[in-house]
A.B. asks: 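Structure provided below as structure tokens; questions to follow.
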Amino acid sequence: MTAIMCPADVRDVADHLAAVLATPPEPDPEAGYGPDSSRWDGQSLAHGAAGIVILHGVRALDQIAGWEPVKAWLAVALREDVASGGGVGLWHGAPAIAFALLTGVPADQSRDLLERLDTAVLAITERRLEEARRRMDACLRPQPDEFDLIRGLSGIGAYLLRRDPDSIHLREILSYLVRLTQPMPARDQAGVDAPGWWTSRLPEARPAESFADGHSDQGMAHGICGPLALLALAAHTGVTIDGHIDAMKTVCAWLTRWRQDGTAGWWWPERVTLGELRRGRPHHDGPARPSWCYGTPGIARALQLAALALDDPSQAQAAEQALIDCIADTAQLAHLDTAGLCHGWAGLLATARAAAGDAASPAVRQSLPTVVDALLQHLARAPAQPTGLIDGTAGAALVLHSIATPHSRRGWETSLLIA
């Protein structure tokens with residue numbers, strides 16, 4: 001991974017954040033067994049023990065720290081029966097714990113448990129693929145958690161790409177994603193054709209009237225950029241299937257269609273509604289938060305990965321420039337108000353760092369110190385943060401550790417599909 005010049009206290013901050021997270025809290029004796037109970041947090045990459053296992057595991061593998069915190073947090077992750085039913089995915093349940101073991105625990109210490117978890121992951125994969133095939137055959141619209149990174153088949157595919165690139169289940173997921181990119185007529189009176197990933201789910205806190213006819217989610221977390229990134233990373237690994245290249249080109253063409261030329265560079269709408277599809281333009285006139293999950297950084301990285309897989313230097317350069325312009329736009333950066341990987345400064349830094357490692361120009365790498373400094377400043381003044389890898393300070397600690405440790409073992413970035 002690209003090394004960058006960074007402030008001398010990056011290592012100190014990373015060590016401090018990790019030290020704060022060294023010992024798990026005692027379990028809540030009042031926690032029930034409902035779906036929202038805190039007792040299930042152990043199996044979460046977003047805000048639970050599974051993600052913190054990755055932080056301490058990477059540090060131990062890099063010989064920066066010992067294994068005691070890894071063992072302690074892994075015990076918390078395994079305190080309850082591992083979830084393998086509805087709602088599980090890369091960020092929760094059996095796939096999350098499997099990913100944590102694969103990333104943060106030596107193979108000779110995790111082999112037996114990982115093999116048992118693989119049985120559950122493959123069963124989940126087969127069930128999800130069958131449900132998706134039935135839905136497609138019925139010409140129904142997908143829900144985001146069918147295909148997305150967090151709970152869907154793209155996330156499970158990300159795990160399989162790390163665990164077993166030759167897996168037939170990975171190829172079946174890629175085939176599903178190819179089919180997902182094929183058009184399906186929108187059921188509206190105007191006869192407008194919408195893409196195959198057009199979803200009918202109403203986004204949280206969004207006006208029902210605007211999304212009544214569905215929408216395209218553009219982001220890395222819940223949207224089409226997750227499938228695009230998985231297709232691209234699989235191609236980089238040498239794993240391709242029939243229709244693979246055309247599927248990437250279809251998504252790239254869609255994102256190019258919805259790319260907006262703003263005063264500070266290119267940006268993309270987070271979602272496209274049917275009304276916007278009819279008009280051919282988004283209803284707002286500027287970018288939202290520059291986060292990994294929905295903003296320019298994640299979309300630009302997905303496009304860069306696809307461009308590299310498609311051997312399209314001009315598209316790669318355009319994606320990199322969009323990211324550079326985003327980092328230079330103080331108006332966009334002002335929307336970032338958390339440290340986390342998903343919505344905050346750590347996610348921007350992790351995404352830019354991954355893009356810099358593949359960029360032909362040094363310009364992306366040269367922009368990284370700005371983001372490092374902003375993350376450090378935010379951590380210095382911010383109140384207490386959540387602890388998790390995706391949503392909390394564990395993610396910030398891991399990004400800063402990776403920057404301060406040029407030889408750091410990679411692999412955790414696959415949980416974001418940025419590498």
A.B. asks: Strictly by modelled atom types, are Glu320 and Ser361 linked by a side-chain donor-acceptor pair under 3.5 Å?
C.D. replies: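 Absent: no donor and acceptor within the cut-off.
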
A.B. asks: Report the C-alpha separation of Asp213 and Arg141 in whole Å, then their side-chain angles, then the decisive distance to 0.1 Å, and conclude whether the salt bridge (charged side-chain N to carboxylate O under 4.0 Å, His left out) test is met.
C.D. replies: CA-CA 11 Å; Asp213 295 304; Arg141 291 290 178 197; over 6 Å; no

A.B. asks: Between Pro297 and Ser291, what is the shortest heavy-atom contact and its length?
C.D. replies: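 Heavy atoms of Pro297 and Ser291 come nearest at CD-O, 3.6 Å.
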
A.B. asks: Ignoring hydrogens, what is the shortest heavy-atom contact between Arg79 and Pro27? Give both atom names and the distance.
C.D. replies: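 The answer is NH1-CB, 3.3 Å.
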
A.B. asks: With side chain to side chain donor-acceptor pair (under 3.5 Å) as the rule and sequence neighbours excluded, what pairs involving residues 144-153 come up?
C.D. replies: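 Applying side chain to side chain donor-acceptor pair (under 3.5 Å) to every pair that reaches into residues 144-153, excluding sequence neighbours, yields Arg135-Glu146, Asp145-Arg201, Glu146-Tyr176, Asp148-His222.
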
A.B. asks: When you compare the side chain of Trp73 with that of His56, does any pair of heavy atoms fall below 4.5 Å?
C.D. replies: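 Yes, their side chains come closer than 4.5 Å.
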
A.B. asks: Going by atom types only, do His401 and Asp62 share a side-chain donor-acceptor pair under 3.5 Å?
C.D. replies: yes

A.B. asks: Looking only at side-chain N and O atoms, does Arg179 offer a donor or acceptor that is under 3.5 Å from a partner on Gln182?
C.D. replies: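 No, no side-chain donor-acceptor pair sits under 3.5 Å.
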
A.B. asks: Check the side chains of Glu413 and Ser415 for a donor-acceptor pair under 3.5 angstrom, ignoring hydrogens and angles.
C.D. replies: no

A.B. asks: According to the interplanar angle, ranging from 0 to 90°, do the rings of Trp197 and Trp254 count as parallel (below 30°), tilted (30 to 60°) or perpendicular (above 60°)?
C.D. replies: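 If you compare the ring of Trp197 with that of Trp254, the planes turn out perpendicular.
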
A.B. asks: Does the side chain of Glu172 pick up a donor-acceptor pair with the side chain of Ser175 at under 3.5 Å?
C.D. replies: no

A.B. asks: Say you draw a straight line from OG1 of Thr181 to CG of Leu231; how long is it, rounded to the nearest 0.5 Å?
C.D. replies: 7.5 Å

A.B. asks: If we only count heavy atoms from C-beta on, is the Tyr159 to Pro95 side-chain gap below 4.5 Å?
C.D. replies: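 They are not in contact (no side-chain heavy atoms under 4.5 Å apart), so the answer is no.
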
A.B. asks: For Cys252 versus Leu303, what's the shortest heavy-atom pair and its separation?
C.D. replies: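 Heavy atoms of Cys252 and Leu303 come nearest at SG-CD2, 3.9 Å.
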
A.B. asks: Are the side chains of Pro282 and Trp268 in contact, using a 4.5 Å heavy-atom criterion?
C.D. replies: no

A.B. asks: Which heavy atom of Pro165 sits nearest a heavy atom of Val239, and at what distance?
C.D. replies: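 So the two residues come closest at O-CG2, 3.5 Å.
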
A.B. asks: With rounding to the nearest 0.5 angstrom, report the CG to CD1 distance, Leu255 to Ile224.
C.D. replies: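 The CG atom of Leu255 sits 8.0 Å away from the CD1 atom of Ile224.
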
A.B. asks: Going by heavy atoms in the side chains, are Tyr294 and Arg289 under 4.5 Å from each other?
C.D. replies: no

A.B. asks: Less than 3.5 Å apart, any donor N or O on the side chain of Thr405 or Arg11 sitting next to an acceptor on the other?
C.D. replies: yes

A.B. asks: Please find the pair of heavy atoms, one from Val364 and one from Ala352, that lie closest to each other, and give the distance.
C.D. replies: CG1-O, 3.6 Å

A.B. asks: Does a side-chain heavy-atom distance below 4.5 Å link Ile327 with Ser367?
C.D. replies: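 Yes - at least one pair of side-chain heavy atoms lies under 4.5 Å apart.
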
A.B. asks: Is there a side-chain contact between Arg163 and Leu114, using heavy atoms and a 4.5 Å cut-off?
C.D. replies: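 They are in contact (side-chain heavy atoms under 4.5 Å apart), so the answer is yes.
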
A.B. asks: Contact between Thr393 and Pro386 at the side-chain level, heavy atoms closer than 4.5 Å - yes or no?
C.D. replies: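 They are not in side-chain contact.
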
A.B. asks: Among Val121, Leu153, Ile156, Thr125, exactly one meets side-chain contact (heavy atoms from CB on, under 4.5 Å) together with His169. Which residue is that?
C.D. replies: Thr125

A.B. asks: Side chains of Trp345 and Thr338: closer than 4.5 Å at any heavy-atom pair?
C.D. replies: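 A side-chain contact is absent here, since even the closest heavy-atom pair is not under 4.5 Å.
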
